[in-house]
2 protein chains.
Amino acid sequence: MRTYNEYCAIAQALDVVGERWSLLIVRELLLQGPSRYTDLRYGLPGIATNLLADRLRELEEAGIVRREEAPPPVATTLFDLTDRGRDLEPVLKALGRWGSPLVQRPIDDEEFRSHWLALPLEAHLVDRSPEKRPVTIEVWTGQHPVLVETRDGGIHVRPGKDEHADAVITATPSLVLGLMLNHLDLATAKKRGLKFSGDLAALRRVQPSR
Amino acid sequence: MRTYNEYCAIAQALDVVGERWSLLIVRELLLQGPSRYTDLRYGLPGIATNLLADRLRELEEAGIVRREEAPPPVATTLFDLTDRGRDLEPVLKALGRWGSPLVQRPIDDEEFRSHWLALPLEAHLVDRSPEKRPVTIEVWTGQHPVLVETRDGGIHVRPGKDEHADAVITATPSLVLGLMLNHLDLATAKKRGLKFSGDLAALRRVQPSR
DNA sequence: CAGCATCCGCTTTGATACTG
DNA sequence: CAGTATCAAAGCGGATGCTG
């Protein structure tokens, strides 16, 4: 293992998770839960397959990732975070908060996976009326829809769709984030191609104040 | 610039500060303030000089580091963090907290710089009697002493020595941390080679409860 | 197909030497 | 002091092949 060889907690943390791709693998497992090798590849566009195998082995040796053989009928290898791995969530949250201003730039053909929406949405949306019945918003940004739900006074995002969602939003990732994080008003977002249907109150309930 | 090319704040943050050495350079500037090239090399044992020059240029282009020509009599180039660079402090704090269990392992000849003590000490020490007059503890772990001071109800660590310090501790980094973070009692620490002189109450005042 | 391992060309890193 | 120049070694990315 390449190491900075310093008696410093930051340096030693970077010894373990500072290599290319390592923290993004942890991001995938945090967002997706137990995942197959193939799912990880899908969530990490551009990773070389040998590197994914290498990193998974290193993360396993470091006690961050656990490998489990799923019993039939799944009958495949699943990778999951250990508790120690899940403890990296504050690091990823801090990185995401610091990085969010960077994402605003015009996109030049960046890769996107809809489950990545969970990070900014869970970080910035709120439930302004936790005493009312829960609401669900279905969001389409590509192939796979995600559901944004109020739960326990907070916001939860998960892959899936719901026939009875209170509202449905379809648009590019940047339009979805612009609207939901309240940087863009609905009329402007619609003018730029966003589709909204359903109950506007559901959206208002979760949007942060400007 | 090598990039993950993802529409994700974490990935874009790592595009900017995820390369080898980058976050450690930020650590040095956070701990030391405006620094000369030579000071940075001292605080980053093992870095190749061309890499330090490369990284400083990249961090400057990313708006994280600022380069200033100090006027005479200093008459040298100083590197400092921008506000945007200082915003990385929560990321480093989170990494340090996650990494701190790793540091406990037996040390095999790791590099150490006394100003690195500021991170764990400011993170874990407390001022249990902020109403009393401030106290100062002088800590020697190598060539350069640091001063641990109570200030504004918290703890501040800075390079330097003080003839009138309330207490003086001399030991290896791991013994100093063991004692001050209250993982090790004074008798044990002394048995292992730690030297303590002065007012024990000053130490007790800042130690966290076990 | 899932989960790798191998090979190859390219880039990045690290060690050392040298310069204005 | 603050870098640049050079070069070998390691790491990375892409393509492909292998195995259950």
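The sequence lines fix the lettering, A, B, ..., with proteins before strands; numbering per chain opens at 1.
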With respect to the phosphate group of dG3(D), does any side-chain polar atom (N or O) of Arg36(B) fall under 4.0 Å of OP1 or OP2? no

Side-chain atoms of Thr49(A) come closest, of dT16(D), dG13(D), dT16(C), to dT16(D)

From CG of Asp15(A) across to P of dT13(C) the rounded distance in Å is 15 Å

So, is Arg67(B) close to the dG3(D) phosphate, meaning a side-chain N or O under 4.0 Å from OP1 or OP2?
yes

If the cut-off is 4.0 Å, is Arg55(A) near the phosphate of dC12(D), judged by side-chain N/O to OP1 or OP2? yes

Taken to the nearest whole Å, CG/Leu24(A) to C1'/dC12(D) is 15 Å

Phosphate-side-chain proximity, Arg20(B) and dG14(C), N/O vs OP1/OP2 below 4.0 Å: yes

Check your understanding: Can a side chain N or O of Trp21(B) be found less than 4.0 Å away from OP1 or OP2 on dT12(C)?
Key -> no

Rounded to the nearest 0.5 Å, the CZ atom of Phe79(B) sits from the CZ atom of Arg36(B) at a distance of 11.5 Å

Atom CD1 of Ile47(B) and atom P of dG3(D) are separated, to the nearest Å, by 13 Å

**Report entry** Base dG3(C) to side chain Thr77(A), donor-acceptor N/O within 3.5 Å cut-off
**Finding:** no

With the side chain defined as heavy atoms from C-beta on, Leu51(B) is closest, among dT4(D), dG14(C), dG13(D), to dG14(C)

To the nearest angstrom, the CG-C1' distance between Asn50(B) and dT11(C) comes to 14 Å

note: Leu44(B), atom CG; dT13(C), atom P; distance rounded to Å ~ 14 Å

Those residues at least two apart in sequence (or on a different chain) that pass side chain to side chain donor-acceptor pair (under 3.5 Å) with Thr49(A) are Tyr37(A)

To the nearest angstrom, the CG-C1' distance between Leu52(B) and dT12(C) comes to 16 Å

Separation of dA5(C) atom P from Arg41(A) atom CZ, nearest Å, is 13 Å

Atom CD of Glu19(B) and atom C1' of dG14(C) are separated, to the nearest Å, by 15 Å

Quiz item: Run the salt bridge (Lys or Arg N to Asp or Glu O under 4.0 Å) check on Glu122(B) and Arg151(B) step by step: do they pass?
Solution: CA-CA 11 Å; Glu122(B) 292 183 357; Arg151(B) 180 195 291 187; over 6 Å; no

**Asked** Would you say Thr38(A) reaches dG3(C)'s phosphate, i.e. side-chain N/O to OP1/OP2 under 4.0 Å?
**Response** yes

Subject >> Under-4.0 Å side-chain N/O to phosphate OP1/OP2 contact, Arg2(A) with dG14(C) >> reply: yes

Legend entry - Lys/Arg N to Asp/Glu carboxylate O, Glu60(A) vs Arg66(A), below 4.0 Å: no

Is Thr170(B) reaching over with its side chain to a backbone N or O of Trp140(B), donor-acceptor style, under 3.5 angstrom?
-> no

With a 4.5 Å cut-off on side-chain heavy atoms, are Met180(B) and Leu121(B) touching? yes

From CA spacing to verdict: salt bridge (Lys or Arg N to Asp or Glu O under 4.0 Å), Lys93(A), Glu89(A)
CA-CA 6 Å; Lys93(A) 288 260 176 73; Glu89(A) 185 170 346; 2.8 Å; yes

In short, the helix from dC1(C)-dG20(D) to dG20(C)-dC1(D) is bent end to end, axes from five pairs each side, to 10°, by 30°

Gln207(A) meets the side chain to side chain donor-acceptor pair (under 3.5 Å) criterion, sequence neighbours left out, with Arg204(A)

